[in-house]
There are 2 protein chains.
Amino acid sequence: MNIGEAALRVQLPTKTIRYYEEIDLLRPGRAANGYRDYSEQDIHRLQFLQRSRSLGFSIEECRLLLSLYQDRNRESADVKDIALAKIAEIDRKIGELRGLRSTLSKLADHCHGDNRPDCPIMDELSGEEHA
Amino acid sequence: MNIGEAALRVQLPTKTIRYYEEIDLLRPGRAANGYRDYSEQDIHRLQFLQRSRSLGFSIEECRLLLSLYQDRNRESADVKDIALAKIAEIDRKIGELRGLRSTLSKLADHCHGDNRPDCPIMDELSGEEHA
DNA sequence: CTTGACCTTCCAGTGACTGGAAGGACTAGA
DNA sequence: TCTAGTCCTTCCAGTCACTGGAAGGTCAAG
């Protein structure tokens with residue numbers, strides 16, 4: 001299967017698929033004409049990558065998950081640990097974003113938002129003392 | 001004021017401060033020995049950048065905010081629009097992260113996480129049909 | 001036999017820094 | 001005066017995960 005068809009199957013751009021090969025996440029065979037030739041197993045790996053990336057795992061985490069995936073003696077605890085660490089990371093990010101949101105919306109609430117120049121958002125950014 | 005002292009004042013690495021200069025966010029003077037020489041106004045700009053970056057504004061948004069900051073005829077509505085757009089962006093990100101979190105924690109909940117190899121997280125990533 | 005779609009490789013750019021090398025300037029102490 | 005150590009300079013390369021584009025080879029249809 002050529003890269004274009006593989007791309008359609010797994011819903012990834014061809015550029016991305018070639019990039020994954022470049023960083024050794026998979027090694028498709030080559031046809032006589034030099035074109036990459038994807039087997040069902042390659043498609044499976046790409047699918048796995050697409051899914052794990054879309055769940056927010058980094059490339060290196062995906063590499064680890066893939067190796068666990070190949071490992072018939074893996075312990076499910078190892079996989080679960082990675083997932084739990086990712087959940088903790090997501091929680092941290094959400095917390096941070098919530099903090100930013102609250103600060104910004106407080107500032108925006110106090111800004112009248114008309115054609116006059118005075119603006120509490122600017123005051124805050126410039127470090128002016130509050131009245 | 002040398003860059004090191006400026007860095008301490010505004011709590012930014014010297015590397016970052018030089019980078020901001022490289023992308024034309026400020027133009028400190030130079031002392032006779034070639035060292036950068038930061039005025040109080042430069043410090044103020046850096047402070048402004050530090051604060052707006054830490055609120056999640058991109059460099060280009062900071063550039064725009066800085067130009068509004070200098071503009072005595074700016075309308076507070078312009079500033080508020082940027083803040084509101086940023087809030088919307090944050091909301092989108094939070095929503096996305098919540099979705100990921102819920103998927104991941106559902107998967108992790110169903111994984112027994114012991115020394116056996118079978119693992120619903122892996123099943124999901126590999127696209128296996130649910131039992 | 002040409003057109004157009006598809007494939008190849010290679011190089012460069014993104015955002016916002018960060019690290020490091022090589023070398024000049026300055027300060028304090030012996 | 002010398003030296004050690006800290007600060008400063010510029011320049012180049014690397015990060016992450018792609019993405020865009022150029023130049024050129026391959027293939028199927030008409």
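Any value given below was found using the heavy atoms of this structure, including those in side chains, with hydrogens, waters and symmetry copies removed. Below, chain A is the first sequence line, B the second, and so on; all start at residue 1. What you see is a predicted model; the values in this text were computed from it and never measured.
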Shortest side-chain distance from B:Lys15, nucleotide among C:dC7, D:dT19, C:dG19 | C:dG19

Kindly point out which of C:dC7, C:dC26, D:dT10 is positioned nearest to the side chain of B:Tyr35?
-> C:dC26

In terms of heavy-atom contacts, does CD of A:Gln70 have more than 12 from other residues, nucleotides or ligands at under 6.0 Å?
-> yes

Indicate whether the side chain of A:Tyr69 and that of A:His44 have a donor and an acceptor atom separated by less than 3.5 Å.
-> yes

Whole angstrom is fine here: how far is it from CG in B:Leu12 over to P in C:dA16?
-> 14 Å

D:dC16 phosphate, OP1 or OP2: any side-chain N/O from A:Tyr19 under 4.0 angstrom?
-> no

Taking D:dC27, D:dC8, C:dA25 as options, the one with an atom nearest any side-chain atom of B:Asn2 is D:dC8

Please check the phosphate of D:dT19 (OP1 and OP2 only) for any side-chain N or O of A:Thr16 closer than 4.0 Å.
-> yes

Tell me whether the OP1 or OP2 atom of C:dG24 has a side-chain N or O from B:Asn33 closer than 4.0 Å.
-> no

Rounded to the nearest Å, what distance is computed from the CD1 atom of residue A:Ile17 to the C1' atom of nucleotide D:dT19?
-> 14 Å

A:Arg18 side chain near C:dC6 phosphate (N/O to OP1/OP2, under 4.0 Å) = no

Sub-3.5 Å donor-acceptor pair from the side chain of A:Arg63 to the main-chain atoms of A:Ile23, do we have one?
-> yes

Is the phosphate of C:dC17, meaning OP1 or OP2, less than 4.0 Å from a side-chain N or O of B:Arg53?
-> yes

What does B:Ser58 touch in the nucleic acid at a heavy-atom separation under 4.0 angstrom: a base, only the sugar-phosphate, or nothing?
-> sugar-phosphate

Contact under 4.0 Å: A:Arg36 side-chain N or O vs D:dT26 OP1/OP2 = no

Nearest heavy-atom pair of A:Gln11 and A:Gln50: which atoms, and what distance?
-> O-CG, 4.1 Å

Closest to side chain of B:Ile3, choosing from C:dT8, D:dC18, D:dT9 = D:dT9

